[in-house]
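We count ligands from 1, going down the list as the structure has it; atoms in each ligand are counted the same way. A quick note: this is a predicted structure, and the numbers were derived from the prediction, not measured.
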Amino acid sequence: MADLKTITDTLIAGDDEALVNHVKAALDQGMEAGVILSDGLIAGMDVVGGRMETGEMFIPEVLMSAMAMGTAVEILKPLLSEDDNASVGKVVIGTVKGDLHDIGKNLVVMMMESAGFEVTDLGVDVEIDTFLNEIREKQPDIVGLSALLTTTMPMMKSTVEQITASGLRDGVKIMVGGAPVDQAFADEIGADAYAADAGSASKLAKAMLA
Ligand code: B1M
């Protein structure tokens with residue numbers, strides 16, 4: 001019998017094989033993919049974050065949880081897709097320079113792709129010049145910037161500034177997100193939108209282009 005607590009505990013333990021089994025069992029029992037994601041997996045990463053902060057978990061253990069999360073998300077991905085797959089717009093997205101966190105950004109990518117966006121994912125630790133080049137080449141409707149560290153939030157600001165200085169700002173909407181980011185910060189750096197989670201990111205992206 002797989003329940004959300006078992007899923008959360010297995011994610012925290014970083015046991016990806018067991019996690020896959022528990023997630024599959026939960027799906028077989030009729031649990032919704034979205035519930036497994038938010039109340040099982042993301043809830044587990046929150047516990048991992050707390051333990052990392054207090055020194056109860058170290059980087060290698062956190063990485064094992066992160067990798068287990070990625071494996072489990074792959075199982076849920078097709079089940080979280082929306083039916084309507086017509087392209088609704090182009091998105092270029094990445095985690096800003098200096099920041100290696102990608103789990104949240106990957107969820108945003110997944111939700112946006114599911115919602116019908118054509119997404120170019122630049123990965124993590126993305127140089128400002130890479131964003132500028134990709135905007136020139138791909139001509140996206142939306143540029144997404146993710147940051148998980150308070151120390152990389154200024155890089156978000158610099159990225160927006162350089163997009164503006166390069167004359168590319170008028171052609172794109174900029175969306176920002178990540179745990180330390182909020183609406184006030186988005187306003188302060190001149191972003192068009194802030195989303196607190198992956199679900200609202202894709203809804204907001206659609207709304208911005210409507
Ligand atoms: Co790091 N880390 N980490 N870490 N890590 C945090 C962020 C931290 C809060 C942990 C803590 O101390 N409690 C802390 C930051 C403190 C701060 O800045 N004030 C921290 C630290 C300090 C560090 C290091 C500096 C540790 C060290 O080396 N001493 C180091 C930095 C490395 C670097 O980036 N240069 C580091 C390293 C790592 C790992 C590599 C081990 C690993 C990352 C693995 C990976 O991503 N592949 C890791 C992890 C896993 C975490 C925690 C535990 C989990 C992050 C996560 O994946 N959350 C995290 C603690 C926490 O957040 N509770 C922590 C789950 C994910 C689904 O949520 O990413 O918030 P989140 O994404 C959400 C929303 O924010 C939003 O939607 C997502 C889905 O709903 N969202 C967007 C995200 N991007 C968006 C973009 C949008 C819109 C919405 O539009 C474009």
Side-chain angles (χ1 to χ4, degrees), residues 8 11-12 14 16 34-74 76-77 80 89-115 117 119-126 131 134 140-156 159-160 163 172-183 185-186 189 191-208:
T8 300
L11 175 95
I12 296 166
D16 62 354
V35 172
I36 297 174
L37 178 65
S38 59
D39 299 347
L41 302 176
I42 294 180
M45 285 315 289
D46 281 344
V47 175
V48 171
R51 292 189 184 175
M52 188 179 170
E53 202 167 7
T54 55
E56 285 169 83
M57 278 178 85
F58 298 101
I59 301 291
E61 297 165 293
V62 176
L63 264 177
M64 284 179 73
S65 296
M67 287 189 301
M69 170 105 185
T71 311
V73 166
E74 282 304 311
L76 300 178
K77 206 170 168 176
L80 292 164
K90 281 193 265 181
V91 178
V92 163
I93 190 169
T95 304
V96 296
K97 177 78 189 150
D99 201 320
L100 301 176
H101 296 84
D102 68 355
I103 296 173
K105 184 262 301 163
N106 292 346
L107 289 176
V108 173
V109 170
M110 182 180 86
M111 293 304 286
M112 285 191 169
E113 283 178 340
S114 302
F117 285 95
V119 182
T120 303
D121 181 0
L122 303 178
V124 297
D125 195 20
V126 181
F131 277 110
E134 292 292 323
D141 303 289
I142 297 171
V143 175
L145 307 176
S146 181
L148 259 287
L149 299 170
T150 46
T151 50
T152 54
M153 287 167 72
M155 187 51 71
M156 234 172 202
T159 306
V160 175
I163 291 172
V172 293
K173 302 274 187 200
I174 298 178
M175 181 186 289
V176 294
V181 179
D182 59 16
Q183 185 65 57
F185 180 73
I189 66 171
D192 298 292
Y194 156 74
D197 55 56
S200 38
S202 80
K203 283 198 190 107
L204 205 53
K206 268 192 171 176
M208 278 201 292

Shortest non-hydrogen contact from [X] toward [Y]:
X: Ala201; Y: Val108; value: CB-CG1, 3.9 Å
X: Glu61; Y: Glu56; value: OE1-O, 4.3 Å
X: Ile12; Y: Gly44; value: CG1-O, 3.8 Å
X: Ala186; Y: Ala193; value: CB-O, 4.4 Å
X: Ile174; Y: Asp192; value: N-OD2, 2.7 Å
X: Thr95; Y: Asp102; value: OG1-CA, 4.4 Å

Starting from the C-alpha separation in whole Å, work towards a yes-or-no answer on side-chain contact (heavy atoms from CB on, under 4.5 Å) for Asp16 and Met64.
-> CA-CA 8 Å; Asp16 62 354; Met64 284 179 73; over 6 Å; no
Pairwise side-chain contact, Ile189 with Met153, heavy-atom cut-off 4.5 Å (strictly under) =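 Sidechains of Met153 and Ile189: no contact.
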Hey, does Leu41 have a side-chain heavy atom less than 4.5 Å from the side chain of Leu76?
->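 Sidechains of Leu41 and Leu76: in contact.
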What's the shortest distance from [atom] to any protein heavy atom, and which residue and atom give it?
atom: atom 74 (C) of ligand 1; value: Ala196 O, 3.3 Å
atom: atom 79 (C) of ligand 1; value: Ala198 N, 3.7 Å
atom: atom 54 (C) of ligand 1; value: Met45 CE, 3.9 Å
atom: atom 45 (C) of ligand 1; value: Asp102 OD1, 3.4 Å
atom: atom 30 (C) of ligand 1; value: His101 CE1, 4.4 Å
atom: atom 13 (N) of ligand 1; value: Gly49 O, 3.0 Å
atom: atom 89 (C) of ligand 1; value: Ala195 O, 3.2 Å
atom: atom 10 (C) of ligand 1; value: Met52 SD, 3.7 Å

What atoms of ligand 1 come within less than 4.0 Å of a heavy atom belonging to [X]?
X: Gly144; result: 91 (C)
X: Asp99; result: 34 (O)
X: Asp197; result: 76 (C), 77 (O), 80 (O)
X: Gly178; result: 75 (O), 81 (N), 82 (C), 83 (C), 84 (N), 85 (C)

With a heavy-atom distance limit of 4.0 Å, tell me whether [X] approaches ligand 1 through its side chain, its backbone, both, or neither.
X: Val108; answer: side chain
X: Val181; answer: neither
X: Thr152; answer: neither

Check each of [options] against [atom] and report the one with the nearest heavy atom.
atom: atom 55 (C) of ligand 1; options: Leu100, Leu107, Leu148; result: Leu148
atom: atom 70 (O) of ligand 1; options: Ala201, Gly55, Ala179; result: Ala179
atom: atom 57 (O) of ligand 1; options: Val47, Ile103, Val143; result: Ile103
atom: atom 71 (P) of ligand 1; options: Gly94, Ala66, Gly50, Gly104; result: Gly104
atom: atom 14 (C) of ligand 1; options: Leu149, Leu204, Val62; result: Leu149

Apply side-chain contact (heavy atoms from CB on, under 4.5 Å) to the pair Met111 and Asp197, showing each step before the final yes or no.
-> CA-CA 10 Å; Met111 293 304 286; Asp197 55 56; over 6 Å; no
Apply side-chain contact (heavy atoms from CB on, under 4.5 Å) to the pair Val181 and Leu145, showing each step before the final yes or no.
-> CA-CA 10 Å; Val181 179; Leu145 307 176; over 6 Å; no
Indicate yes or no: does an N/O atom of Leu63 lie under 3.5 Å from an N/O atom of ligand 1?
->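 Leu63 vs ligand 1: no N/O contact under 3.5 Å.
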I'd like to check [atom] in this structure: does the protein have a heavy atom lying under 4.0 Å from it?
atom: atom 8 (C) of ligand 1; result: no
atom: atom 16 (C) of ligand 1; result: no
atom: atom 52 (C) of ligand 1; result: no

Mind checking whether [X] has a heavy atom under 4.0 Å from ligand 1?
X: Gly70; answer: no
X: Thr151; answer: no
X: Pro180; answer: no

Result of checking Val91, Val172, Ile93 against Pro140 for side-chain contact (heavy atoms from CB on, under 4.5 Å) =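 In the set Val91, Val172, Ile93, the residue that makes a side-chain contact (heavy atoms from CB on, under 4.5 Å) with Pro140 is Val172.
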Donor-acceptor under 3.5 Å (Thr152 side chain, Ala147 main chain) |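 Checking the backbone N and O of Ala147 against the side chain of Thr152, no donor-acceptor pair under 3.5 Å is found.
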Hey, is the main chain of Asp125 close enough, under 3.5 Å, to the side chain of Asp99 for a donor-acceptor pair?
->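 No, because the side chain of Asp99 does not come within donor-acceptor range (under 3.5 Å) of the backbone of Asp125.
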Could you walk me through whether Leu107 and Ile42 pass the side-chain contact (heavy atoms from CB on, under 4.5 Å) test, one step at a time?
-> CA-CA 10 Å; Leu107 289 176; Ile42 294 180; 3.9 Å; yes
If you draw a 6.0 Å radius around NZ in Lys97, do more than 12 non-hydrogen atoms from other residues or ligands fall strictly inside?
->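 Counting other residues, nucleotides and ligands, NZ of Lys97 exceeds 12 neighbours.
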